Amino acid sequence: MNRFEYARPATLAEAVAAGAVPGAAYLAGGTNLMDLMKGGVMHPGHLVDISRLPGLDRIEWLSDGGVRIGALVRNADLAHETKFARQFPAVAEALLSGASAQLRNAATVGGNLLQRTRCAYFYDTASACNKRNPGAGCDAVGGENRLHAILGWSEHCIATNPSDFCVPLTALDAVVELQGPAGRRAIPLETFHLLPGSTPERETMMQQGELITAVCLPAEAARFAGNARYLKIRERTSYAFAVVSAAAALRLDGETIVEARIALGGVALKPWRPRTAEAMLAGARPDPAVFNRAAETALAGAKASGDNAFKIELARRIVVRALALAAAGTPERVPALPASPFAGAITHA
Amino acid sequence: MPEIALSQAPAHIRMGSSIGQSLTRREGVLKTTGTARFAADNHPPGMVYAVLAVSSIARGRVTSLDVAAAKAHSGVIEVMTPANTPRLAQDPDAKLHPFMFRIEVLQNDTVRYVNQPIAVVVAETLEAATEGALLLAPAYETEPARTGLDSNDSFIPQAVGAGGPAEETHGDVDAGLAAASARIEAVYETPAQYHNAMEPHSVVAAWDGNTLSLDMPTQAMAMTQGRIAGLFGIAPEDIHIRSPFLGGGFGSKALGSGPQVLGIIAARLVGRPVKLVLRREQMFGPVGHRAPTRQTMRLGTDDQGALTALSHHVKTATSTFDDFIEPAANASHALYASPAIKTSHEAVRLDTGTPLFMRAPGEAPGSAALESAIDEMALACGMDPLAFRLKNYAEVEPMSGKPFSSKALRQCYEQGAERFGWAARPLAPRQMRDDAGMLVGWGMGTAVFPALMFQGHARAVLRQDGTGVVEIGAHDMGQGAWTALAQIAADALGLDPDQTEFRSGTSDLPDAGIAGGSAHTATAGAAIHDAGGDVIAKLADLATGDQRSPLFGANNAGVIARGGRLYRRDDEARSESYTDILTRAGHAEIEGRGTGASDPAALSAYAMYAHGAVFAEVKVDPDFGQVRVTRLVGAFAAGTVVNPRMVRSQYYGGMIWGVSFALHEHAVMDKRTGRPMNPNLAEYHVPVNADVPNIEAILVEERDVHVNALGIKGVGEIGITGTAGAIANAVWHATGVRVRRFPITLDQLIGA
Ligand SMILES: Cc1cc2nc3c(=O)[nH]c(=O)nc-3n(C[C@H](O)[C@H](O)[C@H](O)COP(=O)(O)OP(=O)(O)OC[C@H]3O[C@@H](n4cnc5c(N)ncnc54)[C@H](O)[C@@H]3O)c2cc1C
Ligand code: SF4
């Protein structure tokens, strides 16, 4: 039976205590968790509503120039925060390319990080899914898997992480702050999500009861502000998850790339940061040949997990284009069609 | 019907008089303020909630259900399974006419498709019923599912669509192809598409002895009444259906679906009014879908670019237990002049729900293939696609040789092409880029849809106070029947619309026929016109036979009804008001009756179609293959335009559906299990606002004196035809890649 306890703790300490009970889940905007509960995919025995916890809905500018984004900040509010959007334009663009205006108004920063895969077999309780039911098997293998993973997958799970927000965050070295029964800790977002291996049910580094309190971007991340983009390929112009996406950020000194950041979305069970490709770009000139080589390197380990070989080529091309767009410079404002190839000129650096 | 709030709604905004005027929707205020009462908004006293449990397998049998667990849940009143479902008066698998489809209403434990109802839980609250349905934890005996067009033997169906022949031939196609100087052969595929009207199927059913009160959306009240009467062994007139508004029907709400019938059975079983509403995912099975097709087109032309042969063969699917064959090849019957045309269909039986009519059934997928093939043939001839179409313009219906009742297609081509700027189109593909570097392509398609009529009846009344009433059980699916039919009613009575009370949307009114086949305005409109003519004739008799009337001596044909007065046709200075005529004659009111149906003589003499031309511009990212339609211009000729605002909105809606058909919509089915894997509106993509371009619909003037007295053809479905093909052709023109599998997805274009 789908019985659960509902609690709305008043303080962070109470929330963490309530969340430490096995089978407890935090409820933030509910845009993912409610769907999963209604569909019988998740059955938390305790629902700990954190949506009104005080203090977690603030954007704090740190003295060193970094920013600390409270876990309950709404996706829309963050994207429309002028200073944030100016310093981290790729993050704002990614947020605005996700879901719909209504969903972004409800969705929180913490919930976005922890949103679960959109693999149809995960949602379909009549199908076998190792993530939903460890050891049951994976019906996506050999099934409808056009949009599944091309990197980091295992035979136990070929799903992808659907978040747009996490992609530029990963590129920019974001750090996740957690509060748990055992205290506080911080984990780089790049290592926060886990690849499936043989335990696809384990999705992040979090322990039971841990709560995301904030996501931090370091001051250095803002140094990319002039050359940072997010690009997202979709099967309709808006309101669709990424087939593949990429964040690219460059620090340029005249005609030389000082530092490059790349992350890919929709390709693996975590935002994918191809560090070797980034390293290749440092010191190089921002030209198409260089971007092509970086893209080749970024996708070198890619392998189709089903009917999705096209995504490898698509991912390669999106890396090239995202780098070219970043090199061309961040636009004055987030385009009306954020992160869309139809947002503006195709610039070849 | 006092419960239908529309009759108390504030008077609509009037911008002129009646037919031809762009009146705004009379129910617009109700809808925009959320006060229009749709079926599921009704809560009769004592009402309880029914929730379906549906099958997760495609084929086999239910071996167990945990009824005890469901019943033990608080609030659950009853669990209806094959073990306790009342037997019906008529076998739900009986097929007495072609519009009767087999339904699953818990008469046995067989499972024929995924999402088939296998139990109904009735409870005091929606939540309890939902939970009860989850507790049933069904077990199955499962047989392998047959899921694709190649997974079963095919057969030649007895009939396609609503009863047409599976194969039709005119001339010798093989000889035509053999003699051709250019030929193409191509195979096009279209996917399964599922009905997803905004309003899911619903019913609120209340029994009182053997009379049945129903709030349910239906596109065919009388037929639904008949179907339900048969199943329950009661008289049709003891069933009262209220269906003032539908949140879309598109063919799926014509016939009384299995789930709606289950709600009615449940109400009988528990002895209380019951509400049953489908969940979104439950739309993917028991309420019909558009079957997938694989279409083989073979065309040949002579050295002048004139067609010598056109062959259109369709392989499609139906269910294992019933027949609905998507009549896609028939799209090739009427458009292009060819001395030899052959259309044929074959089908396979799959473990799915039975396919059903879906907006432009047959025409939509058939037109997508035909218009793509015409484009390919034009290319093979080195001709501009519009010039090629004009070269092969059908002056008479190609297969029958009949003249058209009217056909302003040439004007559609001209006006559409002019507006779009077609003349500037380069012949070769991949020639145009926008400032941003996107590939730009222009394509076109011809639109065609038969001008059909069903049979409908209406009643018209003139009252001594100078007002009138028109009654007809018509259906407003959002298309604007409340408004357009009221305009026709006002004209039929020679009254101002504000003086004409228009009653509609319930089954106790005269049968308006089916709201389908783009035939509703023509059918119901003709019935209203006829009823108005009847009552006006009676009024004229009263006046012209009375020496005291200024109209004395004028025969019936000699008067005109306008603005609440009758005028002598030959001398408009002589007139008399309705009020004066009725007062003198001592009648409180007089009544007329009318029928709308096609005229068999005209039908046998003329071919009747609406036509159009659609021009599309797309942009395609050269690296990613992501496509966006940026411009659509459609020019349509469909006889009399009753209300330009409503007609335009039908064309827009149809063209947007065409965008969906070309680029988005498809059910993703797991080949192993037959399960739809995207049964929700997040993943079952239809266009969102950002996908809908600048659309223009041009209303091309056309007068048709043969289709019906008002000259009305249909506008509801034609917008899809032509559009999907135009977009596919534009994608080819942008990229040089011919995608023959719909929807056109980026994986088919990358590498282009
Ligand atoms: C139709 C649709 C389309 C969408 N399209 C996109 C898209 O294109 N791109 C995209 O990126 N996203 C998309 N989304 C996903 C959306 O971004 C997420 O649903 C949303 O970000 C989740 O945030 P929430 O606050 O509603 O989380 P909830 O649903 O409340 O929670 C999600 C999960 O996070 C946990 N959780 C939440 N907050 C915390 C916390 N502070 N600490 C610990 N655990 C926590 C919950 O327990 C739960 O497991 C879409 C969603 C829908 C429904
Ligand atoms: S891919 Fe992963 S999420 Fe999808 S069914 Fe397999 S195990 Fe489950």
Side-chain angles (χ1 to χ4, degrees), chain A residues 1-3 35 38-40 43 99-101 103 118-121 123-128 139-140 142-147 231-241 243-244 307-318 320-321 324 336-338 340-348, chain B residues 55-57 69 72-73 114 127 130-131 134-135 138 140 279 281 433-438 619-630 659-660 663-664 668-673 675-683 685-693 743 745-751:
Chain A
M1 180 167 316
N2 203 8
R3 284 204 169 278
D35 270 4
K38 283 196 256 177
H43 307 269
S100 63
L103 283 158
R118 304 306 291 199
C119 170
Y121 296 90
Y123 274 77
D124 179 40
T125 54
S127 297
D139 275 349
E144 293 299 322
N145 48 27
R146 252 179 93 242
L147 301 178
L231 185 60
K232 175 177 176 184
I233 306 307
R234 283 163 272 199
E235 299 205 299
R236 64 182 166 194
T237 308
S238 181
Y239 196 32
F241 288 96
V243 177
V244 298
D307 301 326
N308 59 352
F310 77 96
K311 283 183 63 170
I312 301 175
E313 179 58 18
L314 204 57
R316 210 189 54 69
R317 294 182 187 188
I318 200 174
V320 175
R321 177 83 65 83
L337 289 173
S340 169
F342 295 101
I346 303 172
T347 35
H348 294 285
Chain B
S55 157
S56 61
I57 66 161
H73 188 75
V114 172
E127 291 76 11
T130 304
E131 185 62 24
L134 283 174
L135 289 169
Y140 305 95
R279 291 168 61 112
E281 67 271 20
R433 295 235 182 192
D434 72 2
D435 292 345
M438 290 286 168
K619 295 190 177 177
V620 183
D621 188 291
D623 297 330
F624 307 138
Q626 193 172 321
V627 180
R628 193 168 186 224
V629 180
T630 47
V659 174
S660 193
L663 301 181
H664 301 297
V668 176
M669 306 296 264
D670 185 283
K671 294 179 253 327
R672 302 159 301 184
T673 61
R675 294 186 59 68
M677 298 312 296
N678 58 345
N680 59 71
L681 292 181
E683 321 284 344
H685 283 184
V686 296
V688 296
N689 282 331
D691 295 299
V692 176
T745 47
L746 50 88
D747 50 321
Q748 302 186 77
L749 287 169
I750 80 161

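Treat the numbers as computed from the prediction; the structure is a model and nothing was measured.
With values rounded to the nearest 0.5 angstrom, B:Thr630 atom OG1 is found 11.0 Å from B:Met438 atom CE. Within the model, atoms CG of A:Asn145 and OH of A:Tyr121 stand 7.0 Å from one another, a figure rounded to the nearest 0.5 Å.
Most heavy-atom pairs under 4.5 Å with chain B, from the set A:Tyr123, A:Phe310, A:Tyr239: that is A:Phe310.
If you measure heavy-atom distances from B:His664 to chain A, the contacts under 4.5 Å come from the side chain alone. Interface residue B:Arg628: backbone and side-chain heavy atoms are both found under 4.5 Å from chain A. Heavy-atom distances place no part of A:Leu103 under 4.5 Å from chain B, backbone and side chain included. In this structure, the portion of A:Leu337 lying under 4.5 Å from any heavy atom of chain B is its side chain and not its backbone. Contacts between A:Asp139 and chain B at a heavy-atom distance below 4.5 Å involve backbone atoms as well as side-chain atoms. Proximity to chain A (any heavy atom under 4.5 Å) is shown, for B:Glu281, by neither the backbone nor the side chain.
Looking at every heavy atom in both residues, A:Pro341 comes nearest to B:Asp621 through CB-OD2, 3.3 Å.
The shortest side-chain heavy-atom distance between A:Ile233 and B:Leu746 falls under the 4.5 Å cut-off. Residues A:Arg236 and B:Pro687 fail the side-chain proximity criterion, which asks for heavy atoms closer than 4.5 Å.
B:Glu127 and B:Thr130 share no donor-acceptor pair across their side chains, judged by distance under 3.5 Å alone.
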